[in-house]
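Proteins get letters first, then strands, A, B, ... in listed order; numbering begins at 1 in each.
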Amino acid sequence: MAASPKVRVRFAPSPTGLLHVGNTRTALFNWLFARQKKGANVLRIEDTDVERSEARFETQLLDDLRWLGLDWDEGPDKGGEYGPYRQSDRMEIYRGYAERLIEEGKAYLCFCTPEELERERQQAIAEHGPQIYSGKCRRLDPAEARRRRTQGEAAAIRLKIPEHPIHFHDIVRGEVTFEHESVSDPIIVRSSGMPVYNYVVVVDDAEMKITHVIRGDDHLSNTPKQVALYEALGFPVPEFAHLSTILGPDRERLSKRHGATSVAQFRDMGVLPEALVNYLALLGWAPSGGTRETFTPQELIREFSLERVTPSPAIFDFEKLYWLNRQYLKSADRQRVIALALPYLRKATLLGEDMDAEMQQWAGKLIDLLVPYVDRLDQLPDRAAMIFRYDAVAAVSAEDNRPLLESEAGGKVISAFAKRVASQSDGFSAESFKAIINEVKAETGTKGKELFHPIRIVITGSHSGPDFDRVIPLIETGSRLPLPQHVLSVRERVAAFEQAFAQS
RNA sequence: GGCGCUAUCGUCUAGGGGUUAGGACGGAAGAUUCUCAAUCUUCAAACCCGGGUUCGAUUCCCGGUAGCGCUACCA
């Protein structure tokens, strides 16, 4: 058996918007396959849709891919043997092949106007028949057709589809067959001279020696046209792998209205790239055995296989992504998490830009305290509210606080607690705070929830939250720091609470 | 309408001609904790329907149904 040629795959996005998770999974599977097979991963920009393509989207695309760690070996930014890698720079190539196909009788000029074609289509719909091209211009004499074009008549170029069934192999779906009638002669170059997607993609993939076309299954029905094109052009037909669509919770194609769908949005939410990569890998693929959930990129490269990709569509589960993110957040390097978390706290003006060593240390501890409570970094400011936003009036009037505050035991605890805090002139440490609680406990004869909940409400405004041992030092130290928003000390909180309580 | 693809817990999935149909997210309960989160333990939860093939089908085949995609001088 001959040595199989080196694996070459490509990811070919259109720079018409932000990188979407559906495309991202395609990019990921291409990358995993290339890296596992020690092949080449090619990045090609499909910007033939001049109207919608924008340079800034291309830049963003590359940035998002880099952020995810999905690198490429050839592409518009780094060149390569088979460039250029931007379709707008390849127009001459497309033109050349199209003319060749006409000369060889494998394609022909079509003078049908869009109006004519539209009429035929409407009729087909009315008759419930298949909407296929009549083949009218196929029967034109080539020399005559050429003459008409030279005389300035607008002509599109159509590929002649051979009159036999077209089949191809798909790694995910097996053998796929289409009757030639259902394909019908497709236009490959518009009358404006602009080549169409289904044509350029074949020229590019063939010229770039792509061996495996891994892409979304919205292209499955286009594949017979492309296979016919490969054959007309005399190029070997690559292997295909069509990935199922990613759907939203309502089983419709995942889109903006389902919430975050772009890589940029997830990044802004504080989702780690390894979590997104891990989640996306599990969407439509599972390792044999199917009991493992977390994989590093290296492990994915080792385990991945296109044969194990599931053909059925998958619903994007935000919860599971966030759960995975939490796992990665917990195990990530502390300094990295702090560096990533800081911008969220700064944006909420809880921290300033300039921080001295003491403040940095304090911020680090704050983040240590908060991160276990979130599954996305953008939830941090909300979680920090108990430190930064103490609202005595709200604490006193909150529905779920009232019963406790109005109970006899609650009142006793609060007054005993307040009295002791007031008599303490210095700040509190975790130990001295605990000592006070113990005194209150002895004086009031309360314990457990009865004892802790009222104190919690006085200090944080809520009856739930992290350990006092960690919260108290943070509050006390924070109150002495020149933060953009003053953190109230224990004494200040108690004083504010008492005032609000008395007035209620 | 035509053509194509798909179909296992609510969701992602493993599995496969005979299984207590496995794991994970989410849900419920319990343990722990002053509380919440986390963590741990336990529980509930599925083979779309109808025919065939077969001793036996959730698994193989065919039909139906449903969902999705393509049906463009969009990509």
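Within residues 449-457 of chain A, the residues that have a heavy atom under 4.0 Å from RNA chain B are, in order of number, A/Lys449, A/Phe452, A/His453, A/Arg456. Proximity of residues 323-333 of chain A to RNA chain B (heavy atom under 4.0 angstrom from any strand atom) is restricted to A/Trp323, A/Arg326, A/Lys330.
Scanning for salt bridge (Lys or Arg N to Asp or Glu O under 4.0 Å) contacts around A/Arg173 gives A/Asp217, with sequence neighbours left out. Taking the side chain to side chain donor-acceptor pair (under 3.5 Å) definition, one finds that A/Arg56 meets it with A/Glu54, sequence neighbours left out. Residues satisfying the ring-ring contact (aromatic ring centres under 6.0 Å, His included) criterion with A/Phe168, sequence neighbours excluded, are A/Phe240. For A/Ser184, the side chain to side chain donor-acceptor pair (under 3.5 Å) criterion is met by no residue, not counting sequence neighbours. Looking at residues two or more places apart in sequence or on another chain, you find a side chain to side chain donor-acceptor pair (under 3.5 Å) between A/Asp64 and A/Arg267. Applying the ring-ring contact (aromatic ring centres under 6.0 Å, His included) test to A/Phe318 and every residue at least two apart in sequence or in another chain returns A/Phe316.
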Could I get a table of every N or O pair under 3.5 Å where one atom is in the protein and the other is in nucleotides 65-69 of chain B?
{"from": "B/G69", "atom 1": "N2", "to": "A/Ser221", "atom 2": "OG", "distance (Å)": "3.2"}

Each nucleotide N or O in nucleotides 62-64 of chain B that has a protein N or O under 3.5 Å away: list the pair and distance.
none

Extract from the structure each pairing of a protein N or O with an N or O of nucleotides 20-22 of chain B at less than 3.5 Å, listing the distance.
{"from": "B/G22", "atom 1": "N2", "to": "A/Gly290", "atom 2": "O", "distance (Å)": "3.1"}

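The base of B/C12 is not paired with the side chain of A/Tyr279 by any donor and acceptor separated by under 3.5 Å.
Within the nucleic acid shown, A/Arg121 comes within 4.0 Å of sugar-phosphate atoms alone, with no base atom in reach, counting heavy atoms only. A/Leu117 comes within 4.0 angstrom of a base, heavy atoms only.
Centroid-to-centroid, the aromatic rings of A/Tyr390 and A/Phe497 stay 6.0 Å apart or farther. Taking the six-membered ring for Trp and the full ring otherwise, the centers of A/His219 and A/Tyr197 sit less than 6.0 Å from each other. Taking the six-membered ring for Trp and the full ring otherwise, A/Tyr279 and A/Tyr328 have centroids separated by 6.0 Å or more.
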| request: Could you check A/Ser464 against A/His453 for side-chain hydrogen bond (donor to acceptor under 3.5 Å, both in side chains), going step by step and ending with a plain yes or no? | output: CA-CA 8 Å; A/Ser464 66; A/His453 276 197; over 6 Å; no

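Here A/Ser255 contributes atom OG and A/Ile246 contributes atom CD1; the two are 12.5 Å apart, rounded to the nearest 0.5 Å.
Counting only residues at least two apart or in different chains, salt bridge (charged side-chain N to carboxylate O under 4.0 Å, His left out) contacts with residues 307-319 of chain A are absent.
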